[in-house]
Number of protein chains: 2
Amino acid sequence: MKLDPVDRTILVALQEDGSLTNAELAERIHMSPSACLRRTKMLQESGLIAKTVALLDPRLAGLPGTAYVFVTLDSQGRASLDKFEAAVRTVPEITECYLLAGQSDYLLRIVYRDTTDLERIHTEILTPLPGVVRVQSTLTLRAVKRTTKLPI
Amino acid sequence: MKLDPVDRTILVALQEDGSLTNAELAERIHMSPSACLRRTKMLQESGLIAKTVALLDPRLAGLPGTAYVFVTLDSQGRASLDKFEAAVRTVPEITECYLLAGQSDYLLRIVYRDTTDLERIHTEILTPLPGVVRVQSTLTLRAVKRTTKLPI
DNA sequence: TTTGAAAACCAACCGAA
DNA sequence: TTCGGTTGGTTTTCAAA
């Protein structure tokens with residue numbers, strides 16, 4: 001899939017505001033609505049535009065806290081990893097999970113309401129995850145930047 | 001702002017698919033389109049629904065890599081932090097930046113095309129950021145989970 | 001909740017490069 | 001042949017009844 005400059009303009013605009021109507025988007029990029037729609041649908045059907053979602057304000061949602069947590073497992077066999085990962089996927093407070101290079105450690109991103117909530121997540125959710133032997137949290141004081149935009 | 005179960009249902013649905021038409025959303029939550037629209041608009045005007053955006057597939061966008069980078073500054077004065085943060089906000093490859101507790105360190109999330117690109121970002125972008133004395137990268141091998149959904 | 005006018009969508013078709 | 005523009009029937013929106 002190759003993108004021309006017009007495609008990139010569309011992607012930049014829709015990453016910024018996915019609620020733009022086709023007519024608005026077409027006007028912004030100086031193109032007729034039908035041509036614009038054709039390109040946008042192509043970008044969606046190709047999967048490059050994976051989905052469009054509503055983003056909530058974390059503060060107003062009562063979830064102002066973000067923590068990154070390094071987790072070490074007791075075993076790095078395929079079965080252990082699969083079991084851990086399956087469990088991770090069911091926990092809504094874990095918004096991201098990455099397998100790290102090296103000693104089969106994972107990095108988790110956690111969202112939480114307050115320190116009491118973080119403590120609960122730590123003891124009642126993270127520590128009991130299958131195979132976990134160590135949990136090391138990195139608290140964030142303040143989000144300086146947070147974007148879902150990819151630099152196309 | 002207090003949310004009743006119907007509001008939560010709307011938020012769950014729109015975090016999953018922000019391109020739902022009001023008619024579709026109304027049917028899904030077994031409500032009349034007008035009542036559904038009223039609630040959705042309220043959630044938008046309150047700011048709880050902050051925006052709706054298109055999410056791109058990182059692989060198809062040619063940006064499959066994610067790295068987390070810890071950065072240490074040489075000075076933790078207000079001016080130094082402000083200068084660093086202003087620079088961070090202009091770098092599209094930095095998708096997230098958090099101020100950490102402790103020694104005025106920052107945690108950055110970086111997206112990149114390949115290891116060559118990561119090297120470029122490291123030497124040409126991160127190291128020259130104002131006030132930086134140390135840059136420590138944590139590479140991710142694989143994304144196990146990644147969601148924008150907040151657990152309301 | 002219903003309704004109806006305005007807006008947007010989108011598939012089919014046309015023309016130019 | 002491909003890409004943008006135009007048309008018109010259908011769907012959606014959204015505020016008033």
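This structure is a prediction, so every number in the text was calculated from the model and none was measured. Below, chains carry the letters A, B, ... as their sequence lines are ordered, and counting in each starts from 1.
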*asked:* Are there over 12 heavy-atom neighbours, none belonging to A/Arg8, within less than 6.0 Å of that residue's CZ?
replied: yes
*Is there a residue in residues 16-24 of chain A whose heavy atoms reach under 4.0 Å of DNA chain C, and which residues are they?*
A/Thr21, A/Asn22, A/Ala23
*Which residues within residues 25-52 of chain A lie with some heavy atom under 4.0 Å of an atom in DNA chain D?*
A/Met31, A/Ser32, A/Ser34, A/Ala35, A/Arg38, A/Arg39
_Counting C-beta onward and ignoring hydrogens, is there a side-chain heavy-atom pair between A/Phe70 and A/Leu100 closer than 4.5 Å?_
yes
*asked:* Which residue in the set B/Leu3, B/Leu20, B/Leu25, B/Ile152 passes side chain to side chain contact (heavy atoms under 4.5 Å, CB included) when paired with B/Ile10?
replied: B/Leu25
_Heavy-atom count check: over 12 atoms from other residues, nucleotides or ligands less than 6.0 Å from A/Glu24 CD?_
yes
*When Ile, Leu, Val, Met, Phe, Trp and Tyr are grouped by side-chain heavy atoms lying under 4.5 Å apart, directly or through other members, which residues fall in the same group as A/Leu55?*
A/Val53, B/Val53, B/Leu55
*Outermost nucleotides of DNA chain D that come under 4.0 Å of a non-hydrogen atom of chain B*: D/dT12 to D/dC14
*Roughly how far, to the nearest 0.5 Å, is the CG atom of B/Leu108 from the CD atom of B/Glu93?*
12.0 Å
_Roughly what angle, to 10°, lies between the helix axis at the start of the helix from C/dT1-D/dA17 to C/dA17-D/dT1 and the one at its end, five pairs per end?_
10°
*Salt bridge present between B/Asp7 and B/Arg39 (N-O < 4.0 angstrom)*: yes
*Determine whether more than 12 heavy atoms belonging to other residues, nucleotides or ligands lie under 6.0 Å from atom NZ of B/Lys145.*
yes
_Value rounded to 0.5 Å, distance of CD1 in B/Ile110 from OG1 in B/Thr138_ = 11.5 Å
*asked:* Check this for me, if you would: do B/Arg142 and A/Glu85 make a salt bridge, where the nitrogen-to-carboxylate-oxygen distance has to be below 4.0 angstrom?
replied: yes
*asked:* Do A/Val71 and A/Leu129 have side chains that approach each other closer than 4.5 Å (heavy atoms only, starting at C-beta)?
replied: no
_Can you confirm whether A/Arg28 is buried at CZ, in the sense that more than 12 heavy atoms of other residues, nucleotides or ligands lie under 6.0 Å from that atom?_
no
N/O-N/O pairs, protein side and nucleotides 15-17 of chain C side, under 3.5 Å:
none

